[in-house]
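Take a look at the structure below.
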Amino acid sequence: MNKLSIALAASLLVLSSAANALDQVASPQPAIAKPACGGELEPWFNGLINEAKAAGVSDKGISELFKASMDDKVLERDRAQGVFNQTFLTFSSRMVSDYRLKQGAANLKKYADVFARAEAEYGVPGPVIAAFWGLETDFGAVQGDFDTLNALLTLSFDCRRPELFRPQLIALLKLFDSGVVDAKTTGAWAGEIGQMQMLPTDYLERGVDGDGDERVDLKHSAPDAIMTAARVMRDLGWRKGEPWLEEVKLTRELPWENAIRTNRLPHSKWAEWGVTGMKGPLGPDDGNASLLLPMGRKGPAFLSYANFDVFVEWNKSIIYATTAAYFATRLAGAGPLEPTNPEPGLNPEQMKELQNKLAARGHDMGPKIDGVFGILTRDAVREEQIRLGLPADSWPTPELLGKL
């Protein structure tokens, strides 16, 4: 896509609006059909303006669109998310650093009253909120310098995920209308804003005034950011008083095909198969749990509970979600990961080769082969391991690649 300014489309709209103003007052005009994405810029922009007006965006918010432009750097970042090609151990060791553990503990103490209020009102423990705070922005220190309007405009016009970003763009315009967010606000490349990297819809619909100044400022107010994050997680399904993740030991072979994130079983069943806690037998059931093996049966092992689903809803990457949940356990007092010796995995090119082979066998690999070890690939790997008589721990190895 060319780095094309909206100025031409804006000027044409202004001329058209002036010419048809009286007609529009006399009889409303039908909405201009809008392409879902891409195509000619002018009709797309016309459709966007009509949609924004229909959603209740005022002239104030719409006027900001006339100043916006496409940003190729946003698309470069969208296409190059290599971070999710890392293994869990590589990613978590980098993200859950000693610095973040110390800063997390310090902020839990500094804002203890706010975290206590967040848990009382929304049920989400402080360590969980602090884990996201640390991973997203280093506790507010690194919030991103992309122009939020330009970023969302670009991603809405682009054809990869317009259905996700177009509503965010409309919500951003509403934030401009209300004065909650300045039109020059900056944030992450994908349009997230503030210390917790909230998308505009969450900012608009779930923003909480945590410091009592009668405004929601997610960029500069830690209490606002903390309380808003807690509300978002509550709305994503957080269960008050329940666990989210627990590191465990595997003492013997077990029916690995049962190690699926959505296959939650009681502690008694996992104990029967040789799963223990880090310091002894599993405790009494505190909610059914699934066995999570981010790097296969020889790597780190966790029991994940219903609240782990909230981490996945926050970020669909299992690597990120598991890292965030693990970080939260560390902030809540758990020790570091026990040493393990996982089997070597696949590099990105090998992963693409694997995905091509899986697709050839009829497995759904999504819209394109991307070399990212996501849920579809994980599920297909498990099915092929079962077919080939291999331990079905969903971890892709060179051995599996060779057998396919």
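By convention here, the first residue in the shown sequence is residue 1.
Contact check for Thr322 versus Phe91: no side-chain heavy atoms found under the 4.5 Å cut-off. Using a 4.5 Å heavy-atom cutoff, the side chains of Asn347 and Gln350 are in contact. Contact of the Arg297 side chain with the Glu253 side chain is registered, since non-hydrogen atoms from C-beta on lie closer than 4.5 Å. A 4.5 Å side-chain heavy-atom check between Met196 and Thr228 finds every atom pair outside the cut-off. Contact check for Arg387 versus Arg361: side-chain heavy atoms found under the 4.5 Å cut-off. Looking at heavy atoms from C-beta onward, Leu250 lies in side-chain contact with Leu293 at the 4.5 angstrom threshold. Inter-residue side-chain proximity for Arg206 and Asp235 is flagged as met; some heavy-atom pair is nearer than 4.5 Å. Proximity of Leu48 to Ser156: side-chain heavy atoms (C-beta onward) are nowhere separated by under 4.5 Å.
Of the possible polar contacts, one joining the Asn356 side chain to the Lys352 backbone as a donor-acceptor pair under 3.5 Å is found. Side chain of Gln143 to backbone of Thr186: no donor-acceptor contact under 3.5 angstrom is found. Using a distance-only test at 3.5 Å, with no hydrogens or angles considered, no donor-acceptor pair links the side chain of Thr201 to the main chain of Gln168. Between the side chain of Asp71 and the backbone N or O of Ala151 there is no donor-acceptor pair closer than 3.5 Å. Not a single donor-acceptor pair under 3.5 Å links the side chain of Thr377 to the backbone N or O of Phe373. Listed for the Trp314 side chain is no donor-acceptor partner under 3.5 Å among the backbone atoms of Ala324. The closest donor-acceptor contact from the side chain of Asp393 to the backbone of Trp256 lies at 3.5 Å or more, if one exists at all. Between the side chain of Asn263 and the backbone N or O of Ala259 there is no donor-acceptor pair closer than 3.5 Å. Listed for the Trp395 side chain is a donor-acceptor partner under 3.5 Å among the backbone atoms of Glu343. Side-chain atoms of Glu247 never come within 3.5 Å of backbone atoms of Pro300 as a donor-acceptor pair (strictly under, hydrogens ignored).
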Would you give me the side-chain donor-acceptor pairs under 3.5 Å for residues 111-128, sequence neighbours excluded?
unit_1	atom_1	unit_2	atom_2	d
Arg117	NH1	Gly210	O	3.4
Arg117	NH2	Gly210	O	3.0

Sequence neighbours left out, cut at 3.5 Å: what donor-acceptor pairs do the side chains of residues 172-182 make with other protein atoms?
unit_1	atom_1	unit_2	atom_2	d
Lys174	NZ	Ala55	O	3.2
Asp177	OD1	Ser58	OG	2.5
Asp177	OD1	Gly61	N	2.8
Asp177	OD2	Ser58	N	2.7
Asp177	OD2	Ser58	OG	3.3
Ser178	OG	Lys174	O	3.4
Ser178	OG	Leu175	O	3.0
Ser178	OG	Val180	N	3.4
Asp182	OD1	Lys184	N	2.7

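Aromatic ring orientation, Phe88 versus Tyr326: perpendicular (interplanar angle above 60°, classes split at 30° and 60°). Using bins of under 30°, 30° to 60° and over 60° for the plane-to-plane angle, the ring pair Phe157/Trp44 lands in the perpendicular bin.
Of the residues listed (Gln103, Gln197, Gln195), the one engaging Trp133 in a side-chain hydrogen bond (donor to acceptor under 3.5 Å, both in side chains) is Gln195, and it is the only one.
Ion pairing between a basic and an acidic side chain is recognised when a charged N comes within 4.0 Å of a carboxylate O; Arg215 and Asp209 show no such pairing. Using a cutoff of 4.0 Å between basic side-chain nitrogens and carboxylate oxygens, Arg79 and Asp158 are scored as salt-bridged. Under a 4.0 Å N-O distance rule, the pair Glu76/Lys73 does not qualify as a salt bridge. Between Arg261 and Asp309 there is a salt bridge, since at least one side-chain N of the basic residue sits less than 4.0 Å from a carboxylate O of the acidic one. By the 4.0 Å N-to-carboxylate-O rule, Glu384 lies too far from Lys357 to be salt-bridged with it.
Residues Thr251 and Gly274 approach most closely at OG1-O, 2.6 Å, considering heavy atoms. When all heavy atoms are compared, the tightest approach of Ala68 to Leu153 is CB-CD2, 3.7 Å. Taking each heavy atom of Leu404 and Leu388 in turn, the nearest pair found is CD2-CD1, 4.1 Å. Residues Asp217 and Tyr203 approach most closely at CA-OH, 3.6 Å, considering heavy atoms. The heavy-atom pair separating Leu376 from Asp364 by the smallest distance is CB-O, 3.5 Å. What you find for Arg264 and Ser304 is that their closest heavy atoms are NE-O, 3.4 Å.
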> Yes or no on side chain to side chain contact (heavy atoms under 4.5 Å, CB included) for Tyr305 and Arg239, after CA distance, side-chain angles and deciding distance?
Replying inline: CA-CA 10 Å; Tyr305 299 83; Arg239 300 185 183 185; over 6 Å; no
>> Could you walk me through whether Leu401 and Glu353 satisfy the side chain to side chain contact (heavy atoms under 4.5 Å, CB included) test, starting with their C-alpha distance in whole Å, then the side-chain angles of each, then the deciding distance to 0.1 Å, before giving a yes or no?
In response: CA-CA 8 Å; Leu401 181 61; Glu353 181 184 354; 3.9 Å; yes
>> salt bridge (charged side-chain N to carboxylate O under 4.0 Å, His left out) for Glu51 and Arg166? Distances and angles first, verdict last.
In response: CA-CA 10 Å; Glu51 183 179 344; Arg166 190 163 177 131; 2.5 Å; yes
> What's the verdict on side chain to side chain contact (heavy atoms under 4.5 Å, CB included) for Val381 and Leu354, showing C-alpha distance, side-chain angles and the deciding distance?
Replying inline: CA-CA 9 Å; Val381 165; Leu354 173 72; 4.0 Å; yes
>> Assess the residue pair Phe302 and Trp244 against the criterion (side chain to side chain contact (heavy atoms under 4.5 Å, CB included)); give the C-alpha distance rounded to whole Å, side-chain angles, the decisive distance to 0.1 Å, and a yes or no.
In response: CA-CA 10 Å; Phe302 304 93; Trp244 58 92; over 6 Å; no
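Leu204 CG to Ile193 CD1: the interatomic distance, rounded to the nearest 0.5 Å, is 10.5 Å. The CG atom of Leu303 lies 9.0 Å from the CG atom of Leu292; values are rounded to the nearest 0.5 Å. If you take CG on Leu245 and CG on Asn307, they are separated by 11.0 Å, rounding to the nearest 0.5 Å. Distance check: Tyr320 OH to Asn315 CG gives 6.0 Å after rounding to the nearest 0.5 Å. In this structure, CD on Glu338 lies 4.0 Å from CE on Met278, to the nearest 0.5 angstrom. With values rounded to the nearest 0.5 angstrom, Gln355 atom CD is found 9.5 Å from Leu346 atom CG.
Both the sub-6.0 Å distance and the 45° axial angle are not jointly satisfied by Lys240 relative to the ring of Trp238.
Aromatic pair Phe311/Phe132: ring centres closer than 6.0 Å.
Around the CZ atom of Arg378, the shell of radius 6.0 Å holds more than 12 heavy atoms that belong to other residues, nucleotides or ligands.
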